[in-house]
Protein chains: 2
Amino acid sequence: MLVLSHDSQVPLYTQLYSQIKGAILSGRFAADSRLPSVRDLARQHLISRNTVENAYLELYAEGYIYSKERSGYFVSPLSPDDVLVSPPARGAARETVQETQCLFDFHPARLDAEAFPERIWRKCLLDALHRGSRDLNHYSEAQGEGTLRGEIRKYLEQSRGVVCDIDQIVVCGGLQHGLDIVAHLLKDSRPVVAVEDPGYHLARSVFANHSLEVLPLPVLDEGLDLRALQDSRSTVAYVTPSHQFPMGCVMPIANRLKLLRWAREGGNFIIEDDYDSELRYHGRPIPSLQGLDPDGNIVYSGTFSKVLSPALRVSYLVLPHSLLPAYRRLFSDYAPSVSVLEQRALAQFMEQGHWERHVRRVRTLYRKKHDALLRALARHCGERASVIGQGAGLHVVVQLHDTAVKEEELVAAARHSGIKLFPFSTTCVNRKPEEGMVILGFGGLSIDRIEEGVALLFQSQQKRISAE
Amino acid sequence: MLVLSHDSQVPLYTQLYSQIKGAILSGRFAADSRLPSVRDLARQHLISRNTVENAYLELYAEGYIYSKERSGYFVSPLSPDDVLVSPPARGAARETVQETQCLFDFHPARLDAEAFPERIWRKCLLDALHRGSRDLNHYSEAQGEGTLRGEIRKYLEQSRGVVCDIDQIVVCGGLQHGLDIVAHLLKDSRPVVAVEDPGYHLARSVFANHSLEVLPLPVLDEGLDLRALQDSRSTVAYVTPSHQFPMGCVMPIANRLKLLRWAREGGNFIIEDDYDSELRYHGRPIPSLQGLDPDGNIVYSGTFSKVLSPALRVSYLVLPHSLLPAYRRLFSDYAPSVSVLEQRALAQFMEQGHWERHVRRVRTLYRKKHDALLRALARHCGERASVIGQGAGLHVVVQLHDTAVKEEELVAAARHSGIKLFPFSTTCVNRKPEEGMVILGFGGLSIDRIEEGVALLFQSQQKRISAE
DNA sequence: GGGTATTTGTCCGTATGTATG
DNA sequence: TCATACATACGGACAAATACC
């Protein structure tokens with residue numbers, strides 16, 4: 001019945017335990033039936049009684065058996081229907097993922113591999129670890145470390161014209177996490193969320209995941225179509241006014257004021273996603289919408305992902321005062337979701353001026369790439385396409401004049417030559433995807449690779465076209 | 001009676017030895033009276049039997065005690081004249097640190113300030129930073145770094161009996177974030193979520209925040225009342241089977257199987273919150289519910305917050321296969337919310353065996369505190385209260401026999417003496433809060449502080465009572 | 001039916017190996 | 001290397017329950 005191996009690594013009493021457990025679960029030991037007495041089992045297997053007893057005690061602790069003093073151990077009644085048939089032993093993990101290697105990745109969210117300020121970050125991390133390791137034992141401030149929020153507030157005020165105090169700032173683990181929170185705050189009013197079309201697909205997902213009604217509205221040359229917004233039933237507008245994704249336009253001040261008025265008069269909310277405002281390559285950065293109406297119903301969202309590293313998972317919200325009560329009610333006893341260590345490192349990084357310096361450095365770096373991309377585009381398809389949305393961010397949109405090109409084929413062909421394209425249609429909902437729209441992200445490629453990649457892309461496309 | 005200091009330089013067995021010797025010499029232990037058995041003393045102080053035995057052997061060697069084989073140790077009869085009157089000099093004087101702000105925080109979520117393995121963690125962090133800084137530029141795997149998930153899988157399989165592959169594991173930023181995800185996955189079915197009452201209030205908040213219908217069900221001696229569950233309309237059950245919060249009971253196997261059956265037959269879901277399974281102070285850790293039915297509808301949730309540091313914000317879910325499609329649909333293009341750097345550091349921490357070692361170390365540490373708390377309780381209110389849910393975790397529940405005590409007053413009075421109590425009623429919903437229930441968390445206090453705090457707490461309470 | 005021998009859970013002390021620092 | 005502590009194994013002593021005469 002029971003088989004014990006004395007040579008096994010697993011202790012005798014554990015072997016006994018698991019075999020008896022198995023017998024009980026599989027029903028071979030009926031409910032309330034007596035188990036062999038401690039002595040019997042010990043004799044039978046030529047082991048100590050205490051060894052058996054240890055096994056029994058373990059089973060007892062987990063409720064498999066019960067004991068009647070001086071009478072015996074008995075199987076706990078497990079209703080037979082409860083008992084599972086097969087206690088399966090699944091094998092080890094499936095080995096996964098062989099990514100086809102792609103040489104030119106034009107995904108708009110790729111960043112420069114060298115740009116991360118490794119040395120300085122290490123120093124900040126170590127300082128944070130050293131200074132604060134005594135403090136790592138309690139759960140910290142729910143909205144994020146005070147020092148970090150202070151630094152964020154200073155930065156936002158100076159560089160983005162955002163007006164707020166630190167109580168309005170919530171540190172969170174990425175844009176999507178921030179939008180999750182916002183969706184929660186707003187959902188009670190059963191909002192209708194107007195989103196840009198084309199627009200940031202991941203933001204749409206968040207709202208949709210929260211079962212909010214999402215209403216895609218067209219994007220004009222000047223950003224979200226405000227006429228359409230006013231005519232709609234929307235109560236919330238998610239916008240990227242400083243640098244529309246993906247089209248790259250800036251919402252002019254007239255539209256901004258109109259948008260603010262829409263919010264104010266209708267009691268509506270604006271979610272301002274300022275995802276890459278640091279990256280403007282000429283002129284001053286566009287001041288934020290929030291700064292125009294600091295007391296309005298505006299949720300401002302920013303991130304460290306683009307400039308510092310997406311691997312850090314730190315972003316932040318600035319909530320309007322009107323949402324603070326709801327925030328406190330819902331989230332006051334949520335723990336923060338960003339590592340305190342990294343929050344402190346980041347606070348120090350900013351406090352010591354590394355952030356400002358790094359922003360400048362990165363801006364120069366990407367401007368060069370941006371320029372290289374434009375040069376390459378001019379050279380390799382200057383006639384056949386026009387560029388939309390240059391001058392900021394980490395990508396541009398290329399509008400091919402030959403509108404007969406199917407996106408799927410384009411992407412597939414590019415893939416074939418080792419080029420990864422992010423399909424424009426991903427950003428669209430209702431708007432029927434214009435044929436010949438191509439998003440080219442340049443953050444992750446070196447200047448040389450940008451040149452090569454563009455050449456390859458339009459060379460192959462040329463071939464494809466001329467083959468027809 | 002006997003007091004052991006675990007922080008002391010002097011070995012445990014030596015402390016035992018000298019205290020027993022003192023008791024014998026001073027006549028507090030009568031001649032020929034039996035000493036506590038090796039097992040009893042070991043259990044009582046939660047130390048190994050061998051440690052006690054070493055002390056006894058020393059006493060035996062010096063003739064203070066004799067042993068009757070298989071019967072016990074007994075005090076040697078010493079002629080009274082031989083006994084010295086003055087006990088020997090006490091060791092180094094206790095430093096009487098007069099802390100101005102003497103706050104005793106008995107919150108159950110506090111952890112030891114010194115427990116964080118700073119040096120090793122720094123090394124892992126730096127390695128991760130160094131090796132991976134080239135990789136920090138793109139957004140990483142949505143469910144978490146593969147290496148980390150691999151290590152988690154291995155650990156769960158070995159230590160918790162959880163059966164899964166790494167595709168089922170989702171790394172997230174804390175229990176609440178994990179439950180957020182689960183709530184999303186389940187919400188389409190408009191679930192009714194049964195929760196334990198009393199139970200973990202923060203979990204309830206998450207479900208409520210997602211507008212799920214929350215149904216508090218009573219907790220019996222063996223955990224969630226399954227009869228009530230079956231009679232309810234619930235379609236999801238959130239449970240803490242390995243160590244119910246806050247009552248500390250373990251769900252016996254019969255109930256586990258019944259619960260599994262409830263899920264299987266009704267197509268219902270179980271959320272198994274295994275928040276502190278690492279911290280069991282005697283016997284083996286209770287195997288997980290998930291391992292009993294790996295193909296069932298069980299979401300398993302675990303965390304690194306308790307054992308490593310809550311400041312890290314890393315936890316994980318194991319999703320059942322049935323939820324994977326929904327997860328992919330909703331979250332496949334969410335970025336992960338935990339810093340890639342820390343994920344990698346953690347993966348290395350586990351890979352190199354630091355995690356296992358650290359778990360052991362921490363378990364010992366908290367066991368000592370747990371033991372100290374029980375001793376202090378026995379000394380200061382042994383008659384007036386009984387302890388519930390000891391033997392695991394970071395808190396116990398004290399049931400005061402004087403049930404006329406109002407919780408508010410108790411908490412206020414404690415607060416007045418510099419003691420922070422976490423109100424039991426916080427964990428309750430419908431269940432009318434039993435008067436006289438007190439949750440005492442011992443994680444964040446040193447052994448000395450535990451002793452002082454308990455003394456202070458019950459001293460002040462005594463005064464309060466006698467004043468009436 | 002009442003005494004008795006046996007069985008049984010439960011307690012006891014003990015020996016050895018091993019992990020840790 | 002060595003001290004310390006724990007895990008895993010061991011067999012004996014005892015009293016209550018049980019079976020048997």
*Asks:* Not counting sequence neighbours, which residues clear side chain to side chain contact (heavy atoms under 4.5 Å, CB included) with B/N255? List them please.
*Replies:*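 For B/N255, the residues satisfying side chain to side chain contact (heavy atoms under 4.5 Å, CB included) (neighbours in sequence not counted) are B/E222, B/L226, B/M251, B/P252.
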*Asks:* Between A/L41 (CG) and D/dA9 (P), how many Å, whole number?
*Replies:*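 Distance, rounded to whole Å: 14 Å.
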*Asks:* Could I get the full list of ring pair (Phe, Tyr, Trp, His ring centres under 6.0 Å) partners for B/Y300, not counting sequence neighbours?
*Replies:* none
*Asks:* With distance as the sole test, does B/E272 use its side chain to make a donor-acceptor pair with the main-chain N or O of B/S288 at under 3.5 Å?
*Replies:*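 No; zero donor-acceptor contacts below 3.5 Å.
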*Asks:* Give me each pair satisfying side chain to side chain donor-acceptor pair (under 3.5 Å) with a member in residues 62-72 of chain A, each pair once, sequence neighbours excluded.
*Replies:*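 The answer is A/Y17-A/E62, A/D32-A/Y66.
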*Asks:* Under 4.0 Å, heavy atoms only, any strand: does B/R367 hit a base, just the sugar-phosphate, or nothing?
*Replies:* sugar-phosphate
*Asks:* Is any side-chain N or O of B/T51 closer than 4.0 Å to OP1 or OP2 of D/dC6?
*Replies:*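 Checking D/dC6 against B/T51, a side-chain N or O does come within under 4.0 Å of OP1 or OP2.
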*Asks:* Starting from P on D/dT8, measure out to CG on A/L12 and report it in whole angstrom.
*Replies:* 11 Å
*Asks:* Could you tell me which residues satisfy salt bridge (Lys or Arg N to Asp or Glu O under 4.0 Å) with B/E145, sequence neighbours excluded, listed by chain and number?
*Replies:* B/R344
*Asks:* Between C/dT20 atom C1' and B/I47 atom CD1, what is the distance in whole Å?
*Replies:* 18 Å
*Asks:* Whole-Å distance between C/dG17 C1' and A/D7 CG?
*Replies:* 16 Å
*Asks:* Let me know the distance between CZ of B/R363 and P of C/dT20, rounded to the nearest Å.
*Replies:* 12 Å
*Asks:* For B/N54 and D/dC2, give me the distance from atom CG to atom P, rounded to whole Å.
*Replies:* 17 Å
*Asks:* Check whether any side-chain N or O of B/Y13 sits under 4.0 Å from OP1 or OP2 of D/dA5, and answer yes or no.
*Replies:* no
*Asks:* Nucleotide by nucleotide, 5' to 3', does protein get under 4.0 Å of the base (B), only the sugar-phosphate (S), or neither (-) in nucleotides 5-13 of chain C, counting heavy atoms?
*Replies:* ---BBBBBB
*Asks:* Can you sort out the partners of B/T14 under side chain to side chain contact (heavy atoms under 4.5 Å, CB included), two or more places apart, ordered by chain and number?
*Replies:*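 Applying side chain to side chain contact (heavy atoms under 4.5 Å, CB included) to B/T14 gives B/V10, B/P11.
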*Asks:* Sub-3.5 Å donor-acceptor pair from the side chain of B/T240 to the main-chain atoms of B/F245, do we have one?
*Replies:* yes
*Asks:* For B/S48 and A/H6, find the nucleotide of DNA chain D closest to each by heavy atoms; which residue's nucleotide sits nearer the 5' end?
*Replies:* B/S48
*Asks:* Nearest whole angstrom, please: distance from the P of D/dA5 to the CD of B/E58.
*Replies:*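 Whole-Å distance recorded here is 13 Å.
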